[in-house]
Asks: 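Structure below; questions to follow.
Lettering follows sequence order; numbering is per chain, from 1.
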Amino acid sequence: MDRASSMLFGGVHFDRKRFASDIERFKEKEAEQDIQIETESQPIESAGIENGRKKKRKANTFEAVESFSVFKASEPVHIVEVDSSEQKKEVEKQIEQAALLRKKHGIHISGHNVPAPLQSFEELSSRYGCKPFLLRNLSELGFKEPTPIQRQAIPILLSGRECFACAPTGSGKTLAFLCPILMKIKPGSGDGIKAVVICPTRELAAQTTRECKKLTKGRKFYVKLMTKELARTGDFKKMPCTVLVSTPLRLDFAVRKRKLDLTRVEYLVLDESDKLFELGFVEQIDSVVKACSNPSIIRSLFSATLPDSVEELARSIMHDAVRVIVGRKNSASELIKQKLIFAGSEEGKLLALRQCFAQSLNPPVLVFVQSKERAKELYKELAFDDIKADVIHADLSQEQRENAVDNFRAGKTWVLIATDVISRGMDFKGVNCVINYDFPESAAAYIHRIGRSGRAGRHGEAITLYTEEDKPFLRNIANVMVASGCEGPSWILSLPKLRRKKHRPQRDSISTAPDDNEE
DNA sequence: AAAAAAT
């Protein structure tokens, strides 16, 4: 992760070292004056920075100074001059109310002056002047109550704070970052790209674009998906585009080819951020973060899994970010019934899978394997069975991938065999069962895979096959099961803690048991 | 091991 860390440090815009002198001077001033809360009417510049500087420099300094906690206001700055005990009481009451609401919804925050969570979507208009079109679209799309992550993350982003957010799979993270963008950005072609959303796969980028378009119905927002065509030919100066959704490499490519101007981007969202911080992605992310040079940009990170390493990284690059965690960190949805099935050996898995299907095949079902090769092989195996099966992995053409997703969405495919391409973020309505044919390589992979079911309040089931060689890694999974309210098999939980080694299965090909008397 | 560009 060290390399990753230095990569991302390269993208820091608000460099404490660079502004060290300002900060020092400011501290002195602060000590002289006693701490005094700044308001909009009394601009921060007047507190310690001489006039007559260049405008840009001033803006940067403002940012650096602003990063000091005392001066960070959260709400659309009505500052709290507490003269009377009446007002003091009122403020205390509000803070207490916010805390209660957070507790009720399992929202945990860290950071100072965090705005109160939303009571309802209507509060978006009373508190933040939300335009009617968005509320109308939300209600028409069937979003009645905000989910916990939406309640907390939306006000944070609307009050101009950066944030990193961790909430379970299927709990509405996409809407949580799209709403503030659509509220803050004006419709029309405007002048350039104002918001960028980065996703780890094309399928997810396409899905996020669709969601965003649905929310903008009735308004002329230019929401664009960065397709192959667009990356190659795209002249973004002529083509109106205010919200751009992309995978990292295409975006990076377009930036390097100077086809794209990101200097006016006001919102940058890294969806599935822990994935995007993996080596191979992080370099591209770094390049894009650098290209978004607007000093008042608001960056946010969203994922269902947030390893400590990523959290540390995020803290180092982000500007006074608020951290929001819904429920328990790195846990799966409680609506998924999780099961473990012992298949003995690699050879036993195919039989175990067929038995699963024979007992109850309740489509749609997703089956995850470890590699593209294994996906192809398992597909061949099942093609002889009487099941409508299909397969998706990155060796397929874009069109084939799209078809696989569409057919699965439409219910034409009962069983979709997949690599981890679609393990994150994809929202297939009503996946009844996820089967891990191959043991997931990490707890995070497990959480994302099984999170394809049990979404938006629905129930789901997850079955994980394991073999003798997977046993040393079972404990990880059992821990997730317990953390998300499933009964962890006690014999596993009493196993000794495993060494921190990654699960690297040596599986080459799907093998049928070498027996003649099958079926 | 997988994913993400194009030449």
Side-chain angles (χ1 to χ4, degrees), chain A residues 4 7 196-209 225-234 236 244-260 270-289 291 303 305 310 346 349 366-379 391-402 404-405 416-426 436-449 451-452 467 469-470 473 476 501-510:
Chain A
M7 276 296 173
V196 170
V197 179
I198 307 182
C199 310
T201 63
R202 295 176 207 153
E203 281 74 16
L204 184 54
Q207 176 183 292
T208 304
T209 310
L225 172 66
M226 180 77 109
T227 57
K228 194 189 257 178
E229 275 303 291
L230 206 54
R232 195 161 42 85
T233 64
F236 289 85
L244 182 63
V245 185
S246 178
T247 48
L249 201 47
R250 278 182 183 168
L251 195 56
D252 183 29
F253 183 76
V255 168
R256 285 177 198 277
K257 290 274 181 228
R258 305 197 179 271
K259 296 206 183 253
L260 202 53
L270 306 183
D271 196 10
E272 306 293 346
S273 45
D274 53 333
K275 183 78 190 172
L276 296 177
F277 278 14
E278 281 181 10
L279 281 180
F281 269 145
V282 76
E283 298 87 344
Q284 299 151 25
I285 298 297
D286 181 61
S287 153
V288 174
V289 169
S303 184
T305 49
V310 170
E346 173 60 35
K349 285 201 215 168
L366 263 172
V367 180
F368 282 106
V369 293
Q370 189 64 22
S371 71
K372 292 182 272 198
E373 287 311 313
R374 288 175 62 77
K376 293 171 198 170
E377 288 166 21
L378 185 57
Y379 176 58
V391 64
I392 185 168
H393 52 75
D395 273 357
L396 301 179
S397 72
Q398 188 60 46
E399 198 192 348
Q400 287 172 311
R401 281 167 65 161
E402 273 163 28
V405 169
L416 183 59
I417 299 154
T419 59
D420 283 324
V421 231
I422 55 158
S423 69
R424 281 174 176 261
M426 294 306 293
N436 288 313
Y437 187 86
D438 289 338
F439 205 78
E441 68 155 23
S442 66
Y446 176 75
I447 289 167
H448 286 282
R449 282 178 176 189
R452 294 321 95 211
T467 65
E469 44 173 28
D470 297 324
F473 305 93
N476 268 340
K501 218 177 120 190
K502 266 217 169 176
H503 191 276
R504 294 217 181 273
Q506 296 291 309
R507 300 178 185 111
D508 299 320
S509 64
I510 303 276

Asks: Expressed in angstrom and rounded to an integer, what is the separation of A:Ile198 atom CD1 from B:dA3 atom P?
Replies: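 Going from CD1 in A:Ile198 over to P in B:dA3 covers 19 Å.
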Asks: Whole-Å distance between B:dA2 P and A:Tyr446 OH?
Replies: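 It is 22 Å, rounded to the nearest whole Å.
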Asks: A:Asp252 has an atom CG; how far is it from atom P of B:dA5, in whole Å?
Replies: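 These atoms are roughly 11 Å apart.
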Asks: Looking at A:Arg452 and A:Met426, what are the two nearest heavy atoms and their distance?
Replies: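 Residues A:Arg452 and A:Met426, closest heavy atoms: NH1-O, 2.7 Å.
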Asks: Classify the nucleic acid contact of A:Lys372 as base, sugar-phosphate or nothing, counting any heavy atom under 4.0 Å across all strands shown.
Replies: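 Result for A:Lys372 = sugar-phosphate.
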Asks: Can you tell me how far C1' of B:dA3 sits from CD of A:Glu278, to the nearest Å?
Replies: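 In whole Å, B:dA3 C1' and A:Glu278 CD are 9 Å from each other.
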Asks: Please examine the side chains of A:Gln398 and A:Thr227, heavy atoms only from C-beta on, and report whether any two atoms are closer than 4.5 Å.
Replies: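 Sidechains of A:Gln398 and A:Thr227: no contact.
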Asks: Can you measure A:Ile392 atom CD1 to B:dA3 atom C1' for me and round it to whole angstrom units?
Replies: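 One finds 12 Å between C1' of B:dA3 and CD1 of A:Ile392, rounded.
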Asks: Return the value, rounded to whole Å, for the distance between atom CZ of A:Phe253 and atom P of B:dA5.
Replies: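 The answer, rounded to whole Å, is 10 Å.
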Asks: Applying side-chain hydrogen bond (donor to acceptor under 3.5 Å, both in side chains), can you list everything that pairs with A:Asn436, at least two apart in sequence or on another chain?
Replies: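 A:Arg449, A:Thr464.
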Asks: Output all residues satisfying side-chain contact (heavy atoms from CB on, under 4.5 Å) with A:Thr209, sequence neighbours left out; order by chain, then residue number.
Replies: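 Once residues adjacent in sequence are excluded, the partners of A:Thr209 under the side-chain contact (heavy atoms from CB on, under 4.5 Å) criterion are A:Lys213, A:Val223, A:Leu225, A:Val245.
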Asks: Taking OP1 and OP2 of B:dA4, is either one under 4.0 Å from a side-chain nitrogen or oxygen of A:Arg424?
Replies: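 Answer no for this pair, as no side-chain N or O of A:Arg424 is under 4.0 Å from OP1 or OP2.
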Asks: Look at A:Thr419 and B:dA1 and indicate whether a side-chain polar atom (N or O) is within less than 4.0 Å of OP1 or OP2.
Replies: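 It does not, given that no N or O in the side chain of A:Thr419 lies less than 4.0 Å from OP1 or OP2 of B:dA1.
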Asks: Check the distance between B:dA4's C1' and A:Leu270's CG and give it to me in whole angstrom.
Replies: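 Atom-to-atom, A:Leu270 to B:dA4, this comes out as 15 Å.
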Asks: Considering only B:dA5, B:dA1, B:dA3, which nucleotide approaches the side chain of A:Arg250 most closely?
Replies: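 Closest nucleotide to the A:Arg250 side chain: B:dA5.
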Asks: Any side-chain N or O of A:Ser423 under 4.0 Å from OP1/OP2 of B:dA2?
Replies: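 Negative; the distance criterion is not met.
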Asks: Classify A:Pro248 by what it touches in the nucleic acid, base, sugar-phosphate, or nothing, heavy-atom distance under 4.0 Å.
Replies: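 If one applies the 4.0 Å heavy-atom cut-off, A:Pro248 turns out to touch nothing in the nucleic acid.
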Asks: At less than 4.0 Å, is any side-chain N or O atom of A:Arg202 found next to OP1 or OP2 of B:dA5? Yes or no.
Replies: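 So the side-chain polar atoms of A:Arg202 do come within 4.0 Å of the phosphate oxygens OP1 or OP2 of B:dA5, strictly under.
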